[in-house]
Amino acid sequence: MSTSPTPVRVALLGCGNVGSALATLVAGQHDEIQLRTGLDITITGIAVRDLSIDRGIDVAPEVFTDDISSLVIADNVDIVIELIGGIEPAKSLILAALAAGKPVITGNKALLAEHGAELYKAAEAGGVDLLFEAAVAGGIPLMRPLRESLLGEPINRVLGIINGTTNYILTQMTENGASYQDALAEAQELGYAEADPTADVEGFDAGAKAAIIATIAFGASVVADDVHHEGISTITKSDIEYAGRNGHVIKLVAVAERLAATDGGPDEIAVRVHPAMVPLSHPLAAVRDSFNAVFIEGGAVGELMLYGRGAGGEPTASAVLGDLIDAAANWRAGTHAYFGPLPVAAIRSIDDLESAYCLTLNVRDETGVLAEVATTFGNHGVSIKSMEQSGLGDEAQIIFITHVAPERDVRATLDELRNLDRVRSVGAVLRVVSGG
Ligand code: NAP
């Protein structure tokens, strides 16, 4: 028995890198999607700021509008896709669509990492979907595996390389001996890095994505402000070389962990982004160039890794299309995804976390400097596992690997070291990733 396809009319807000790739993908896959799902999906309205720009896509001019507020609540729109980015007007537009009973798909990590809880609540109140696969790790299916396949999984930790720009820069430094500045300039030339690269290289972008991952992985609301972040701009060639000599590679990692509370209360969640020494034996060490990967450690499933393109118009459009089909099927069935009550997460402060560290000190190589430095570590109970000295005179450098120690004690050690006459400066502070 065959039934007639269900027409699904879609409003697309934004037609830039991702929006234009999505419009092409939806048209190109239309027949295949209809055959396999019975959904006849058409983009019937596209809102942009500048109607005079040629978007390079095969869409009739009358589909475009610059009246975005009317499009989002129009009667002849069933589903809204938000791809304009930023907080406002994106937030108000999404709330208006949800209040009008329209499922929404977005790729807006900045918005979700700040106002996710309010938006999920609005979707629940409207009885419709709010899906956002594209907001984290671009084309890699991650949100749906976390909220469906792994919903019952006791996830302990999620480790991710979720910023392609920094992974490209660190790969150039590792494999071609490039300096940070040269690798950044090359990333900018290739379009992997913005003219102002701060959001990527200082860990803000990865921090927003990590907040969303933690929220969905652990079922409790984590916002961008809860995420401790450090960037890669202080990493030097000698840090990279030291890591290589010692069987590690330096990566900017996002870590989201669930930790048992010390007082017997609800589990605590710790989320951070920082450069780290990743053992070459760990699967994340093999993630090169601008690729992303997310490594999940579950209590039952064990270790899983999802790998792919974390950005770019087409990979990201692929994630949006997956959500669109999901939302359309739910809309046809009169149902929607539910994310749970998402209580505010109990966040464990970075000060209360423990790790092994790799610390670089630039020192004056004078008699007694090593003893003085070692005493300082001892004063704070931070135990040294190994050390390596290089250079002479004023140019000497000592790199220490510590045993696992509390962050608070390592910081106190570094503060005291900075005040020693013979310590010229403290260089990279890298956590050492365990496992793999
Ligand atoms: P983009 O290239 O800058 O495109 C933004 C589009 O939104 C443009 O077409 C712009 O119109 C339109 N727009 C912006 N403000 C508007 C307004 N107030 N009214 C109407 N139209 C407006 O951005 P993108 O790279 O496609 O990214 C879109 C979203 O996807 C962002 O949330 C981003 O974080 C997310 N995302 C992107 C990637 C990626 O690789 N690019 C990956 C993952 C997630 P005009 O062209 O007329 O100015």
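All ligand and atom numbering here is 1-based and tracks the order in the structure.
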task: With sequence neighbours excluded, give me every ring-ring contact (aromatic ring centres under 6.0 Å, His included) pair touching residues 132-177.
output: Y120-F132, F132-F339, Y168-Y192

- prompt: Would you say the side-chain atoms of D196 and T198 include a donor-acceptor pair closer than 3.5 Å?
  reply: yes

task: Scan for salt bridge (charged side-chain N to carboxylate O under 4.0 Å, His left out) pairs involving residues 82-101, sequence neighbours excluded, and state none if there are none.
output: K91-E118

- request: State, without any angle test, whether N362 and S425 hold a side-chain donor-acceptor pair at a distance under 3.5 Å.
  value: yes

message: So if I only count non-hydrogen atoms and take anything under 4.0 Å from ligand 1, which residues does that give, chain by chain?
response: G14, C15, G16, N17, V18, A47, V48, R49, D50, R55, I68, L83, I84, G85, P89, G107, N108, K109, A134, A311, G312, T316

Distance-only check: which donor-acceptor pairs under 3.5 Å involve side-chain atoms of residues 136-147, not counting sequence neighbours?
| residue | atom | partner | partner atom | Å |
| --- | --- | --- | --- | --- |
| R144 | NE | D326 | OD2 | 2.9 |
| R144 | NH2 | D323 | OD1 | 2.6 |
| R144 | NH2 | D326 | OD2 | 3.2 |
| R147 | NH2 | D326 | OD2 | 3.4 |

message: Is it the case that atom CZ in R36 sees more than 12 heavy atoms from other parts of the structure closer than 6.0 Å?
response: no

